[in-house]
Amino acid sequence: MVERFLKQTTFTSVEDYNKNLEFIIPENFNFAYDVMDEWAKEKPEGLAILWTNDQGEEIRTTFAQLKEQTDQAASYLLTLGIGKNDPVMLILKRRYEWWVIMLALCKIGAIVIPATHMLTKKDIVYRNTRASVKAIICVDDPYVKGQIQLAMPDSPSVKVLISVGSAMPQQCCGKDNGKDNGKGNDVGDGKAGDGFHDWLTEVVKAPKFQRPAFVNTNDDTMLMYFTSGTSGEPKMVAHDYLYAMGHLTTGVFWHNLHEGSLHLTVADTGWGKAVWGKFYGQWFAGATVFVFDHEKFNADTLLRQMEKYRVTSFCAPPTIYRFMIREDLSKYDLSSLEYCCTAGEALNPAVFDKLQEKLGLRIMEGFGQTETTMSLGTFPWMTPKPGSMGIPNAQYDIDLMRADGTSCEDGEKGEIVIRVGDKKPIGLFKGYYRDEEKTREAWHDGYYHTGDMAWRDEDGYYWFEGRIDDVIKSSGYRIGPFEVESALMTHPAVVECAITGVPDDIRGMVVKATVVLGKEWKDKAGDDLVKELQQHVKRVTAPYKYPRIVEFVDELPKTISGKIRRVEIRNNDKGKVNSEK
């Protein structure tokens, strides 16, 4: 499959990859038809999805079966009046149907807007209004459906509501694949007054699918994500149909996948990381996407699933790894695991070292944003440097820029930017939908500005410093939160931490550490441990970077993607003048 879209499909070195990566771009590329339906022809019995949940239920779907299901789903959506360029919001958690519906919407040219199940009425109204959402397809959950129903009076663009019931899908693979999970189906059952179509009972009645004569151009909008910044309402990131192709390098090269791989990425389907790790790139490689549908993360439970199903490739944000390495990994048979990756936030070197010590596996780090595919990464032909994001992905022209617009030297901190020039790179977003001002703020003078700070070493490896807004200015020093967090993470008491700046009358700002302790250390939280952690940071890194304030908490605020929300910590501390000097 890969040879259809790349002029060279294997690489042996950084130089080889940088020189010879070249895409073959078809006219009117459509991932559902040009990749997934082709796999159904070439590898009909190949396993496309292995889905299981915390109730012990399981679905195994071949590429041929997936084509049948997506055709059926596409036909059903067309009968409801959903078609080309219609924005459709998906709130499906990790339901199996998310994968089917994503492909079905691609087949009919609709615009997919994945979203989290934690949205409130206000959030839903905002998204419906800003994107002119025509249809919402959601999980049959009382909270989710309740918030959607509350939003409807203020959402005139929404014409269709569809609920995916809590029973196991009866139509997948053409037989009963499971049983009711015990949650019942008393909401969204298609009864009068509910307002929702019932997916499970209606989709099976759809007529035979006829592929539309024309679906899309490469420049049409295929996918949109709402992404939150440090201020203001979320922006709508619009991607074209070539965005899917941009993830070929994500799955085939960064994740190092191939036919026969069983890949697990830990991500909610409302987050952009889901299409990074559970969709496009993995299926370019012909791998099997492994899905564990669960309500609450537990490291032991996840490791048991990896052991049971013999997962070969794994990707998760650093938060997940931090909890995994606190487990006794000798209890699990993880001998099938061949490859580990991480993205979402910078990886602390201490976590890298601990996993390598326990499993003999190196974590290959990557970097990107909702606006991009993987733009920096550590590839199989490279030796990873613990804590480094790796090198630029050859499909992007990346540089580090000073505030005055000039390029940084090696060892100098600057903003990560992507040179765009006359032709947008494959994988880079089209712009912020219906917001030309925000687009111009981020994308101007031939560059897309990521807002992320890094420095580059003499070997071309990039090292993350933090968001521009996260940099702490204290007594004339500029302190990146990640370097202090990495120092703290080498102390055995620390499971997680977040470094932020707190306003201070004398120093301008002082460094604060918000710390989650290991369970065996919780009863030691107090002044003595604060001093121990402060002295530890002074020993590991420059003394002026040590946290003058240390707060112990049970958990850190995070986004659905697992990123630490330092902005929330800063906002809680705003206006406070600390007396500890």
Peer 1: Taking only residues two or more places apart in sequence, or in another chain, which ones meet Ala48 in a side chain to side chain contact (heavy atoms under 4.5 Å, CB included)?
Peer 2: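 Scan of Ala48 (side chain to side chain contact (heavy atoms under 4.5 Å, CB included), adjacent residues dropped) gives Phe63, Leu66, Trp283.
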Peer 1: Nearest 0.5 angstrom please: Phe23 CZ to Ile25 CD1, how far?
Peer 2: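 So the CZ of Phe23 and the CD1 of Ile25 are separated by 8.0 Å.
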Peer 1: Between Asn393 and Met374, which heavy-atom pair has the shortest distance, and what is it?
Peer 2: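 Closest heavy-atom pair between Asn393 and Met374: ND2-O, 2.9 Å.
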Peer 1: Under the side chain to side chain contact (heavy atoms under 4.5 Å, CB included) rule, collect the residues that match up with Thr383, sequence neighbours excluded.
Peer 2: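 Residues passing side chain to side chain contact (heavy atoms under 4.5 Å, CB included) with Thr383: Arg362.
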Peer 1: Got a sec, which residues hit side-chain hydrogen bond (donor to acceptor under 3.5 Å, both in side chains) with Asn20, two or more places apart in sequence or on another chain?
Peer 2: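 Result, side-chain hydrogen bond (donor to acceptor under 3.5 Å, both in side chains) vs Asn20: Asp16.
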Peer 1: If you compare all heavy atoms of Gly81 against all heavy atoms of Lys134, which two are closest, and at what distance to 0.1 Å?
Peer 2: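 That closest heavy-atom pairing would be O-NZ, 2.7 Å.
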Peer 1: Could you state the interatomic distance from CZ (Arg456) to CD (Glu412), rounded to the nearest 0.5 Å?
Peer 2: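 Result: 9.0 Å between the selected atoms.
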Peer 1: Under a plain distance cut-off of 3.5 Å, with no hydrogens placed, do Gln369 and Tyr448 share a side-chain donor-acceptor pair?
Peer 2: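 Note: Tyr448 and Gln369 side chains meet the donor-acceptor criterion.
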Peer 1: Keeping Thr70 on the side-chain end and Ala104 on the backbone end, is there a donor-acceptor pair under 3.5 Å?
Peer 2: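 No, because the side chain of Thr70 does not come within donor-acceptor range (under 3.5 Å) of the backbone of Ala104.
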Peer 1: Answer yes if the side chains of Asp219 and Thr217 hold a donor-acceptor pair under 3.5 Å, and no otherwise.
Peer 2: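 On atom types as modelled, these side chains do not qualify, holding no pair under 3.5 Å.
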Peer 1: Got a donor-acceptor contact below 3.5 angstrom from the Thr62 side chain to the Pro44 backbone?
Peer 2: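 Checking the backbone N and O of Pro44 against the side chain of Thr62, a donor-acceptor pair under 3.5 Å is found.
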Peer 1: Looking at CD1 of Ile49 and CD1 of Ile59, how far apart are the two atoms once the value is rounded to the nearest 0.5 Å?
Peer 2: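 So the gap between those two atoms works out to 8.5 Å.
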Peer 1: If you take the centroid of each ring, where Trp contributes its six-membered ring, are Trp443 and Phe429 closer together than 6.0 Å?
Peer 2: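 Yes.
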Peer 1: I'd like to know if Arg419 pairs up with Asp399 as an ion pair, taking the criterion as any Lys NZ or Arg NE/NH1/NH2 lying under 4.0 Å from an Asp or Glu carboxylate oxygen.
Peer 2: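 Result for this pair is yes, salt bridge flagged.
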Peer 1: Are Gln395 and Thr373 close enough that a side-chain donor and a side-chain acceptor fall under 3.5 Å?
Peer 2: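 Gln395 vs Thr373: donor-acceptor pair found between side chains.
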Peer 1: Testing Trp99, Trp51, Phe314, Tyr309 one by one against Phe290 for a ring-ring contact (aromatic ring centres under 6.0 Å, His included), which residue passes?
Peer 2: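 Option passing the ring-ring contact (aromatic ring centres under 6.0 Å, His included) with Phe290: Tyr309.
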Peer 1: With distance as the sole criterion, is a donor-acceptor pair present between the side chains of Tyr432 and Glu371 under 3.5 Å?
Peer 2: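 Result is yes, a qualifying pair exists.
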Peer 1: Sequence neighbours left out, what pairs pass ring-ring contact (aromatic ring centres under 6.0 Å, His included) with at least one residue falling in residues 393-412?
Peer 2: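 Listed once each, the pairs would be none.
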Peer 1: Can you name the nearest heavy-atom pair linking Trp254 to Ala343, along with the distance?
Peer 2: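 Reported closest heavy-atom pair: CH2-CB, 3.7 Å.
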Peer 1: Are Phe284 and Phe31, when compared by the centres of their aromatic rings, separated by less than 6.0 Å?
Peer 2: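 Yes: the rings meet the under 6.0 Å criterion.
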Peer 1: Do Asn348 and Ser486 pair up side chain to side chain, a donor and an acceptor below 3.5 Å, judged on atom types alone?
Peer 2: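 The criterion, which ignores hydrogens and geometry beyond distance, is satisfied for Ser486 and Asn348.
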Peer 1: Is Ser375 close to Ile398 at the side-chain level, that is, under 4.5 Å between some pair of heavy atoms?
Peer 2: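 A side-chain contact exists here, since the closest heavy-atom pair is under 4.5 Å.
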Peer 1: Counting N and O atoms only, with roles assigned by atom type, does the side chain of Gln282 sit under 3.5 Å from a partner on the main chain of His263, one being a donor and the other an acceptor?
Peer 2: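 No.
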Peer 1: Between Thr450 (side chain) and Val417 (backbone), is there a donor-acceptor pair under 3.5 Å?
Peer 2: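 Between the backbone of Val417 and the side chain of Thr450 there is no qualifying donor-acceptor contact (under 3.5 Å).
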Peer 1: Would you confirm whether Thr288, through its side chain, and Leu47, through its main-chain N or O, come within 3.5 Å as a donor-acceptor pair?
Peer 2: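 Pair found, side chain donor or acceptor close to backbone of Leu47.
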Peer 1: Counting distance only, does the side-chain N/O of Asp353 pair as donor-acceptor with the main-chain N or O of Ala350 below 3.5 Å?
Peer 2: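 No: the side chain of Asp353 does not pair with the backbone of Ala350.
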Peer 1: If you measure from the Lys or Arg side-chain nitrogens to the Asp or Glu carboxylate oxygens, is any gap between Lys430 and Asp220 under 4.0 Å?
Peer 2: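 Result for this pair is no, no salt bridge flagged.
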Peer 1: Test side chain to side chain contact (heavy atoms under 4.5 Å, CB included) on Arg322 and Lys354 and set out the steps.
Peer 2: CA-CA 9 Å; Arg322 285 195 284 265; Lys354 186 62 70 173; over 6 Å; no
Peer 1: Could you tell me whether Glu485 and Arg566 have a side-chain N and a carboxylate O separated by less than 4.0 Å?
Peer 2: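 Between Arg566 and Glu485 there is a salt bridge, with a charged N closer than 4.0 Å to a carboxylate O.
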Peer 1: Considering only heavy atoms from C-beta outward, does the side chain of Pro234 approach that of Arg127 to under 4.5 Å?
Peer 2: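 Yes - at least one pair of side-chain heavy atoms lies under 4.5 Å apart.
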Peer 1: Are Ser335 and Arg310 side-chain neighbours, meaning at least one heavy-atom pair lies under 4.5 Å?
Peer 2: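 Yes. Closest side-chain heavy atoms under 4.5 Å.
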Peer 1: Please report the C-alpha distance between Phe297 and Ile320 in whole Å, then the side-chain angles of each, then the deciding distance to 0.1 Å, and finally whether the side chain to side chain contact (heavy atoms under 4.5 Å, CB included) criterion is met.
Peer 2: CA-CA 9 Å; Phe297 169 74; Ile320 301 296; 3.7 Å; yes
Peer 1: Residues in side-chain hydrogen bond (donor to acceptor under 3.5 Å, both in side chains) with Tyr461, at least two apart?
Peer 2: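 Partners of Tyr461 under the side-chain hydrogen bond (donor to acceptor under 3.5 Å, both in side chains) test: none.
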Peer 1: Of all heavy-atom pairs between Val215 and Lys84, which one has the smallest distance, and what is that distance?
Peer 2: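 The pair with the smallest heavy-atom distance is O-NZ, 2.9 Å.
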Peer 1: Going from NE2 on His117 to CZ on Arg94, what distance comes out if it is rounded to the nearest 0.5 angstrom?
Peer 2: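 Taking NE2 in His117 and CZ in Arg94, the distance rounds to 8.5 Å.
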Peer 1: Keeping Ser388 on the side-chain end and Tyr462 on the backbone end, is there a donor-acceptor pair under 3.5 Å?
Peer 2: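 A pair under 3.5 Å: yes.
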Peer 1: Considering only residues two or more places apart or on different chains, which pairs with a residue in residues 24-38 satisfy side chain to side chain donor-acceptor pair (under 3.5 Å)?
Peer 2: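 Sorted result for residues 24-38: Arg4-Glu38, Asn30-Asn216, Asp37-Lys107, Glu38-Lys41.
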Peer 1: When you compare the side chain of Met89 with that of Met224, does any pair of heavy atoms fall below 4.5 Å?
Peer 2: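 No, their side chains stay 4.5 Å or more apart.
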Peer 1: Nearest 0.5 Å please: distance from the CG atom of Asp435 over to the CD atom of Glu441.
Peer 2: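 Those atoms lie 8.0 Å apart.
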Peer 1: Using 30° and 60° as the class limits, which term best fits the ring planes of His294 and Phe292: parallel, tilted or perpendicular?
Peer 2: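 Geometry flag for Phe292 against His294: parallel rings.
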Peer 1: Has Asn218 got a side-chain atom pairing as donor or acceptor with Pro26's backbone, closer than 3.5 angstrom?
Peer 2: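 A pair under 3.5 Å: yes.
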Peer 1: So, do Lys43 and Met1 sit near enough that their side-chain heavy atoms are less than 4.5 Å apart?
Peer 2: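 The answer is no, as the side chains (C-beta and beyond) never meet within the 4.5 Å cut-off.
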Peer 1: Could you check if a side-chain atom of Ile137 sits within less than 4.5 angstrom of a side-chain atom of Leu77, using non-hydrogen atoms only?
Peer 2: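 Answer yes - side chains close enough.
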Peer 1: For the rings on Phe11 and Phe379, is their centre-to-centre separation under 6.0 Å?
Peer 2: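 No: the rings miss the under 6.0 Å criterion.
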Peer 1: Test Lys424 against Asp240 for side chain to side chain contact (heavy atoms under 4.5 Å, CB included), laying out the working first.
Peer 2: CA-CA 11 Å; Lys424 182 178 76 67; Asp240 59 27; 3.1 Å; yes
Peer 1: Do you know the tightest heavy-atom contact between Leu92 and Cys138?
Peer 2: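 Looking at all heavy atoms of both residues, the shortest contact is CD2-C, 3.5 Å.
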Peer 1: Any side-chain heavy-atom pair from Val275 and Tyr243 closer than 4.5 angstrom?
Peer 2: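 Result yes, sub-4.5 Å side-chain heavy-atom pair found.
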Peer 1: Could you go step by step and tell me if Lys308 and Thr52 meet the side chain to side chain contact (heavy atoms under 4.5 Å, CB included) rule?
Peer 2: CA-CA 11 Å; Lys308 176 180 178 180; Thr52 187; 5.6 Å; no
Peer 1: Run the numbers on Thr61 and Tyr96 for side-chain hydrogen bond (donor to acceptor under 3.5 Å, both in side chains), then give the verdict.
Peer 2: CA-CA 10 Å; Thr61 305; Tyr96 170 82; 2.8 Å; yes
Peer 1: Which heavy atom of Arg60 sits nearest to which heavy atom of Glu58, and what is that distance?
Peer 2: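 That closest heavy-atom pairing would be NE-OE2, 2.7 Å.
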Peer 1: Are the side chain of His239 and the backbone N or O of Thr370 linked by a donor-acceptor pair below 3.5 Å?
Peer 2: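 Confirmed, His239 side chain pairs with Thr370 backbone.
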Peer 1: Nearest 0.5 Å please: distance from the CG atom of Asn256 over to the SG atom of Cys340.
Peer 2: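 Going from CG on Asn256 over to SG on Cys340, the span is 11.5 Å.
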Peer 1: Check whether any side-chain heavy atom of Phe352 lies under 4.5 Å from a side-chain heavy atom of Pro384, and answer yes or no.
Peer 2: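 Yes, close enough: below the 4.5 Å cut-off.
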Peer 1: Quick check: does any side chain N or O of Glu97 sit under 3.5 Å from a backbone N or O of Val164, one acting as donor and the other as acceptor?
Peer 2: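 A pair under 3.5 Å: no.
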